[in-house]
Each structure stands twice: as C-alpha cells, then as structure tokens.
Amino acid sequence: MEPVSLTTERLLLRTVGPQDTDAVLAAAQDADMQRWIPQFPSPYLREHAESFTQQVVPDGWTHDSMYTFGVFLPRGELAGMLGISMRALGVGEVGFWAAKEHRGRGYVTEATLTAARWAFTSLAVDRLEWRAEVGNHPSRAVAERVGFTLEGTLRSAINNKGVRRDCWVGSLLPSDLGLPSAAPYLPAPRA
C-alpha cells in the first residue's frame, strides 16, 4: 500500500522518511522511551533512526505489515509516533509514543483514535490490540482514553532487551467507535 496521510484539527499523521531522521533521533534519546519500548535500543544511535525512517517504515507500508505514522503539529514538529502492525487476518496491534516535550496534551490519544478509525474503515481491521509492559501507566492511560477494553495481563509476553516481562493487553473493536465490522462478531454469552 502507498502511505496515506490523516489529519485532525490539531495534527497531521504522515509517514516518516529520511527528512525526519534527526527528529526521530532526538525524541528517542528520552530514557523513559528507551525503558518502556522494547524495540528501542539503548543507547539509541543515529544508525537506529536511519534504519527506522529509511527501511523499517517504508518496508512496512510496501508489505502491508506495519503502517507507521509520524504525529506532526501544524508547524511540522514531530510530537510522536504511531504504528499499526498487522498480527493476523483482521487483527492489528497499535503502538505509540510521544516526544517528551509534547506529553500530556492529548496528541497521542487523538492520533490513535484517528488511526483506529482509518484501520477499521480502510484496512478491514476488526480488532485492534494494544499491549504495554505492566507498569507503563502513561501508555495504559492513552489506551483507556481511546476506549480500549483492558482484557488482562499476559505473563512473560514481552521481551524487553532480553528480559521476559508481563504485559497488559487491551482491545478496541469497530463497534466501540460506532463503526461496522468487516466480519460478523458473535460475542460469548454472558454467564
């Protein structure tokens, strides 16, 4: 798929490329992001940012395996990043981060809602999952504000820099946002 851009009243969500390498590198120096995001090497070097913006992101779009959006403010400043990785037919997993100086302003929540609507209507995703290591309360707060249902804790489900850790998992369905599903959904009977 060719990359798409999405807009909100405050944000532009677009793919990142070589022109964004410096901004990604600067944001990724944050110790909290390196601690909580398993995919972030520590230290995070220029070569990591170059690989991300020049190979990982374009390959994801080309192979329809991961749709990555930079979350940009109107003046072009990188406020965060969001990606939807395809896990199975009709199932995606969202991951996100906010640049340290832009946290607490609702940008990632707004971007996640926008990307979720796009995934449900354009990718035929019927289930969007969110996972975060137990203890990553800022990520959990975003997921809850978006409307994800916390489904539980998975033991030893994340490998964070060689250490197995427990993670929270939640889901968002099209119906949670008032949207139709691409496939019928038959919920389990309530006991």
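Counting from 1, the numbers follow the sequence of the chain as shown.
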Is there side-chain contact between [X] and [Y], with heavy atoms separated by less than 4.5 Å?
X	Y	answer
W130	S139	yes
L82	T114	no
E133	N160	yes
M66	D59	no
L73	R10	no
R140	L150	yes
F72	E77	no
T112	V108	yes

To the nearest 0.5 Å, what is the distance between [atom1] ([X]) and [atom2] ([Y])?
X	Y	atom1	atom2	answer
S85	L128	OG	CG	10.0 Å
E101	D30	CD	CG	9.0 Å
L172	R117	CG	CZ	9.5 Å
Q29	F40	CD	CZ	9.5 Å
L13	T8	CG	OG1	7.0 Å
M81	W97	CE	CH2	4.5 Å

* To do: Apply the side chain to side chain donor-acceptor pair (under 3.5 Å) test between E50 and each candidate in H48, R46, Q54; give the one that qualifies.
  => R46
Would the distance check show the side chain of [X] and the main-chain N or O of [Y] forming a donor-acceptor pair, the cut-off being under 3.5 Å?
X	Y	answer
D166	V134	no
T21	P18	yes
D126	S181	no
K161	I37	yes
N159	G162	yes
R87	E93	no

* Audit row: R127, D176, salt bridge (charged side-chain N to carboxylate O under 4.0 Å, His left out) steps and yes/no -> CA-CA 10 Å; R127 176 181 167 86; D176 296 332; over 6 Å; no
* Given M1 and L123, is the side-chain contact (heavy atoms from CB on, under 4.5 Å) satisfied, shown in steps? -> CA-CA 10 Å; M1 168 183 281; L123 298 178; 3.7 Å; yes
* Asked: Would S171 and E129 count as a side chain to side chain donor-acceptor pair (under 3.5 Å) if you check the C-alpha gap in whole Å, the side-chain angles of each, and the deciding distance to 0.1 Å?
  -> CA-CA 4 Å; S171 68; E129 295 180 348; over 6 Å; no
* Asked: Taking it one step at a time, do Y107 and F96 satisfy side-chain contact (heavy atoms from CB on, under 4.5 Å)?
  -> CA-CA 11 Å; Y107 297 141; F96 45 74; over 6 Å; no
* Step by step, work out the side chain to side chain donor-acceptor pair (under 3.5 Å) result for S156 and R164. => CA-CA 5 Å; S156 188; R164 303 293 313 174; 3.3 Å; yes
* Which heavy atom in S42 sits nearest to a heavy atom in Q34, and how many Å separate them? -> OG-OE1, 2.7 Å
* Would you please classify the geometry between the W61 ring and the Y67 ring as parallel, tilted or perpendicular, with 30° and 60° separating the classes? => perpendicular
* Does the gap between the ring centers of H137 and W168 come in under 6.0 Å? -> yes
